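In what follows, a single structure is set out as structure tokens and then discussed.
Every chain is numbered from 1, with letters handed out A, B, ... down the list of sequences. Note that this is a predicted model, so its numbers are computed, not measured.
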Amino acid sequence: MKDNTLLHIDISQFQDDLINWYQENKRDLPWRVEQNPYKIWVSEVMLQQTKVDTVIPYFNKFIDDFPTLYDLASAKEQDVLKAWEGLGYYSRARNLQNAIREVVASYGGEIPANPSDLGSLKGVGPYTKGAILSIAYDQPEPAVDGNVMRVLSRILKVEEDIAKPRTKKVFENHVRELISHVDPSSFNQGLMELGAIVCTPKNPMCMLCPVQQHCQAFAEGIEKQLPIKSKAKKQKSLPYVALLIKNKEGNYLIEKRPETGLLANLWQFPMVPLNEMGFNQIPSWFEKEYGIDVALKREAGKLKHVFSHLIWDLEIHEATSISSQTCLSNARFVNKNEMEAFPFPVSHQKMKQFLLG
DNA sequence: AAAACGGGGAA
DNA sequence: TTCCCAGTTTT
């Protein structure tokens with residue numbers, strides 16, 4: 001063992017300081033009320049790349065709609081996506097239901113308490129696996145997320161690029177050395193809570209930190225320089241015309257997106273890729289793709305929607321059609337009331353809102 | 001190892 | 001604007 005970074009830390013004292021602080025300062029959150037593996041799992045999936053304040057109302061509604069894993073297993077996917085509407089990363093919801101169905105089918109409804117079975121489930125990667133094992137089952141497994149990497153990069157002065165996939169393994173190894181075997185749940189949650197409340201990205205509040213005396217970065221005054229993270233390349237912008245097409249019955253055309261890729265299985269208003277054709281080709285393109293006539297009426301506004309990896313530049317147009325149906329099974333005319341049952345991404349929720357006034 | 005995959009909020 | 005967030009899957 002060449003790396004003796006941990007020798008600088010009094011592990012037992014560090015555990016006590018962190019766990020005691022967590023017990024005293026942890027936030028009251030809906031998924032901390034009981035040690036229920038299903039609810040903890042749901043919360044962990046929702047919390048991936050999503051802030052606590054955003055998750056809370058979704059979590060409460062989700063548990064209300066699907067109180068047990070059997071309710072989720074037997075639900076329709078469209079209803080699960082509807083409950084997830086607006087949260088983003090919709091594959092999380094589809095993977096979660098897939099995994100829960102696997103738990104019912106192969107594990108008698110008992111969420112596996114061992115790393116290999118648990119980790120084999122859809123959507124359960126290294127983080128979620130460790131979070132469930134430690135928080136729901138009190139096992140000393142690492143649960144390393146962005147918070148933990150930031151906190152430990154400062155405490156242990158780790159200067160590797162946290163944007164690199166392999167760096168996460170470095171932190172997992174550190175956690176295996178540091179984690180309390182008496183209360184691994186409070187240890188892991190304490191690290192994350194500390195990252196969320198005290199050891200924040202820009203201006204960490206070191207004066208309030210319960211493990212300040214263990215922190216290498218604080219000792220050297222370099223806490224704001226850590227962690228080191230390379231920048232992502234910037235998004236490409238894609239121009240579209242999105243159409244609010246009303247037919248004679250007063251119904252609007254919506255369509256289901258493909259079952260893989262971006263916003264899989266969500267619904268939307270038709271979008272015409274402008275980088276593949278000119279504006280005046282839209283009606284003929286529609287005749288070819290949807291088998292319906294379309295007459296553009298007027299522009300309703302513009303919408304810019306930013307994803308992590310691309311940007312939609314949308315020009316919204318109102319249009320009319322004399323058709324009542326399309327040649328596509330995934331597209332249909334619905335009235336404003338029926339529209340409410342379909343899951344839309346946020347960009348198209350805004351267009352829907354435009355229609356509803 | 002890199003890219004795909006959403007959305008919101010803070011600085 | 002820029003960056004960040006309780007990540008996983010696919011390529």
Side-chain angles (χ1 to χ4, degrees), chain A residues 22 26-27 29-32 40-59 81 84-96 98-99 118-132 134-136 142-151 161-169 171-172 175 185 187-197 199-204 224 227-236 257-258 260-266 268 303-312 343-350:
Chain A
Y22 175 70
K26 65 181 173 187
R27 293 165 289 183
L29 300 172
W31 47 89
R32 288 179 177 163
I40 289 168
W41 186 355
V42 170
S43 74
E44 290 302 337
V45 174
M46 285 188 172
L47 286 163
Q48 291 168 13
Q49 307 296 300
T50 310
K51 290 238 174 14
V52 165
D53 289 341
T54 304
V55 166
I56 290 173
Y58 280 94
F59 175 83
L81 287 173
W84 211 269
E85 185 182 59
L87 256 188
Y89 283 122
Y90 299 94
S91 65
R92 290 183 296 173
R94 304 199 306 132
N95 288 340
L96 174 61
N98 178 307
L118 189 56
S120 73
L121 298 169
K122 216 50 168 156
V124 181
Y127 168 76
T128 306
K129 179 174 64 177
I132 293 172
S134 62
I135 299 172
V144 173
D145 60 4
N147 259 325
V148 171
M149 287 197 284
R150 183 176 60 258
V151 170
D161 183 356
I162 67 167
K164 304 283 187 198
R166 66 162 163 274
T167 306
K168 178 177 283 193
K169 292 191 179 65
F171 288 101
E172 284 170 352
V175 171
S185 171
F187 182 90
N188 277 345
Q189 292 189 83
L191 281 180
M192 294 188 268
E193 197 82 344
L194 191 63
I197 296 175
C199 196
T200 50
K202 292 296 174 61
N203 292 299
K224 288 187 183 179
I228 291 167
K229 184 176 186 177
S230 56
K231 299 189 197 318
K233 71 171 202 272
K234 83 175 215 203
Q235 311 97 314
K236 215 169 222 94
R257 293 180 59 85
T260 58
L262 184 65
L263 302 168
N265 284 359
L266 270 71
Q268 66 179 14
L303 195 55
K304 188 204 241 338
H305 193 79
V306 179
F307 299 86
S308 53
H309 57 305
L310 58 89
I311 298 172
W312 277 356
F344 289 85
V346 165
S347 47
H348 287 257
Q349 283 182 58
K350 290 175 181 171

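Here CG of A/Leu47 is found 9.0 Å from CE of A/Met192. Values are rounded to the nearest 0.5 Å.
Side-chain nitrogen and oxygen atoms of A/Tyr90 include at least one within less than 4.0 Å of the OP1 or OP2 phosphate oxygen of B/dG7. For B/dA4, the OP1/OP2 oxygens have no side-chain nitrogen or oxygen of A/His309 closer than 4.0 Å. Close to C/dC3, at under 4.0 Å from its OP1 or OP2, lies a side-chain N or O of A/Lys231. Using a 4.0 Å cut-off, some side-chain N or O of A/Arg166 falls inside it from OP1 or OP2 of B/dA1.
Side-chain polar atoms of A/Thr128 and A/Gln48 form a donor-acceptor pair below 3.5 angstrom. A donor-acceptor contact closer than 3.5 angstrom links the side chains of A/Glu44 and A/Tyr127.
Taking the six-membered ring wherever Trp is involved, the centroid distance between the rings of A/Trp312 and A/Phe307 falls below 6.0 Å.
The side chain of A/Arg150 lies closest to C/dC5 when the candidates are C/dT10, C/dC5, B/dA4. Among B/dG8, C/dC4, C/dT10, the nucleotide with an atom closest to any side-chain atom of A/Lys229 is C/dC4. With C/dC5, B/dA2, B/dA11 as the choices, the nucleotide that has an atom nearest any side-chain atom of A/Pro201 turns out to be C/dC5. Of the candidates C/dT8, B/dG7, B/dA11, the closest approach to any side-chain atom of A/Pro126 belongs to C/dT8.
Between A/Trp84 atom CH2 and B/dG6 atom P there is a gap of 12 Å when expressed in whole angstrom units. Distance, A/Gln235 CD to C/dT1 C1': 11 Å, rounded to whole Å.
Nearest-nucleotide assignment on DNA chain C puts the 5′-proximal partner with A/Arg27, out of A/Arg27 and A/Leu121.
If you take atom C1' in B/dG9 and the same atom in C/dT8, they sit 23 Å apart, rounded to whole Å.
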